[in-house]
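A quick note: this is a predicted structure, and the numbers were derived from the prediction, not measured. A, B, ... follow the sequence lines: proteins, then strands. Residue 1 opens every chain.
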Number of protein chains: 2
Amino acid sequence: MTDSVLTPESILDAAEEVFRKYGPTKTTVVDVARALEVSHGTIYRHFSSKLALRDAVTQRWLQRVSAPLAAIAAEKSPADERLRQWFEQLIMIKHQKVLGDPELFATYQAIAEQAREVVEAHVEELVSQIAQIIEDGVAQEIFCSTDSLTAAQAVFNATVRFHHPVHAAEWSAPNIQSDFDQVWRLIMSGLRMPCASSAT
Amino acid sequence: MTDSVLTPESILDAAEEVFRKYGPTKTTVVDVARALEVSHGTIYRHFSSKLALRDAVTQRWLQRVSAPLAAIAAEKSPADERLRQWFEQLIMIKHQKVLGDPELFATYQAIAEQAREVVEAHVEELVSQIAQIIEDGVAQEIFCSTDSLTAAQAVFNATVRFHHPVHAAEWSAPNIQSDFDQVWRLIMSGLRMPCASSAT
DNA sequence: CAAATGACAAAAATCAATATTTGTCATTTG
DNA sequence: CAAATGACAAATATTGATTTTTGTCATTTG
């Protein structure tokens, strides 16, 4: 697209646009090459395979999910409020991406199955943001936790139904928000001061 | 199989066996008819379609999941112990079914997508068993909850990663048990006495 | 000589002709 | 006459021949 200079970045730009337009299953590296007006062999000088290209696109795409969340995580507001905001935002972004653009949803599904490493890194990033908020909450004496990373993992896992794309079909149910509220209340009363006595 | 008498039950028996043997995608109603040594038209006198037959098989199959759980739910032990046992059992059964028999796993996936009503009824049954245990827990002054059904739904939803078949691929991860333990501890401290102050 | 090309083999997807399966129903059977 | 049959049309799946796509690399180009 950006004339004459061919960088990995410009390839990713073109690739992402082509993925969007043709859908993830149907796009070939020849299509991407055509969009850039180069031969498809050229793409292979920059990315070792079609999978590598798709993973790179995915990574950038997931970064655009985690960046605005990082901003929320870094705020100064009370940790309980902030954690709620953070999850509302996460859920909103995921729902939007998945329901708004069905073609992209298929990509996401394919990725989740095949680009395991990229997704795992993304999840790790998200969990560490949650851990940050929880740690702040402990300092503010709102939350009680000996190990904020462990607590963060637990919170992430307990809310999986509301943000993991495999559950996307359930998100259009009318009571999905109240289901989330219920789970949220349960989690929050587990996380909040005063500490519950040790579990059995 | 059972000679000469053809009841809906005997058809289900045969159908289930054929499903097991040939896998869910490949079995035809002709196969089921052959196993019973009748014409395939006969099957249609008892079940209005192949889908209806498959749903009926599924329903019986899911009942064999919920029956042993109902037994646990009805025990007299302390509610917290019993709830833990109940979930361990649920998870064990699901893992076994899904990982033990890959063909059957495919059936389960197909069902979850297509036989929505049957699965929904099953989930409702499970949630009502949890509600029963929680209610006992409140009476025993172990748990604190104003609405046991709502709490039950929350607990079920929060543990979805560990029993919903769409997450089966994650179950072979080495840390799945400790992930469950973490979520369980979080949930339990949310559920347990003394009641946390009202949520924001 | 660094970067891009395009001819090429191997792997994967498409397509249309063929075969199987589903579901119906008029006829047969006990 | 109630229950089962099997011939049938429509829908669906299979198959294998053909095309497209992926990935490599010796050659070309600026």
Handout entry: Base-pairing string, 5' to 3', of DNA chain C - Watson-Crick or wobble, under 3.5 Å, | interstrand
Key = ||||||||||||||||||||||||||||||

Listed by chain and number, what are the side chain to side chain contact (heavy atoms under 4.5 Å, CB included) partners of [X], not counting sequence neighbours?
X       : value
Y44(B)  : V29(B), H40(B)
I93(B)  : V65(B), P68(B), Q89(B), K97(B)
A168(B) : V98(B), F105(B), W171(B)
Q132(A) : D136(A)

How many Å lie between [atom1] on [X] and [atom2] on [N], as a whole number?
X      : N       : atom1 : atom2 : result
E37(B) : dT5(D)  : CD    : P     : 11 Å
H46(B) : dA3(D)  : NE2   : P     : 8 Å
R54(A) : dT21(D) : CZ    : P     : 17 Å
L36(A) : dA3(C)  : CG    : P     : 17 Å
R34(A) : dT20(D) : CZ    : C1'   : 12 Å

Suppose we screen for salt bridge (Lys or Arg N to Asp or Glu O under 4.0 Å). Which residues come up paired with [X], at least two apart in sequence or across chains?
X       : result
R54(A)  : none
R60(B)  : E9(B), D13(B), E16(B)
D179(A) : R161(A)

Using a cut-off of under 3.5 Å, enumerate the N/O to N/O pairs linking the protein to nucleotides 11-18 of chain C.
none

Practice task
Describe, in one word, how the ring planes of F180(A) and F162(A) are oriented to each other, choosing from parallel (under 30°), tilted (30 to 60°) and perpendicular (over 60°).
Solution key: perpendicular

Problem - ILVMFWY clustering at 4.5 Å (side-chain atoms), partners of L51(B) - result: none

Practice task
Sequence neighbours left out, what passes ring pair (Phe, Tyr, Trp, His ring centres under 6.0 Å) with H164(A)? Give chain and number order.
Solution key: H167(B)

Exercise for the section: Do nucleotides 22-30 of chain D as a string where each nucleotide becomes B, S or -: B if the base has a protein heavy atom under 4.0 Å, S if just the sugar-phosphate does, - if no protein is that close. Expected result: BBB------

Exercise for the section: Tell me whether the OP1 or OP2 atom of dT5(D) has a side-chain N or O from T42(B) closer than 4.0 Å. Expected result: yes

Fill in the blank from the handout: When I187(B), D181(B), V183(B) are each screened for side chain to side chain contact (heavy atoms under 4.5 Å, CB included) with R185(B), the one that passes is D181(B)

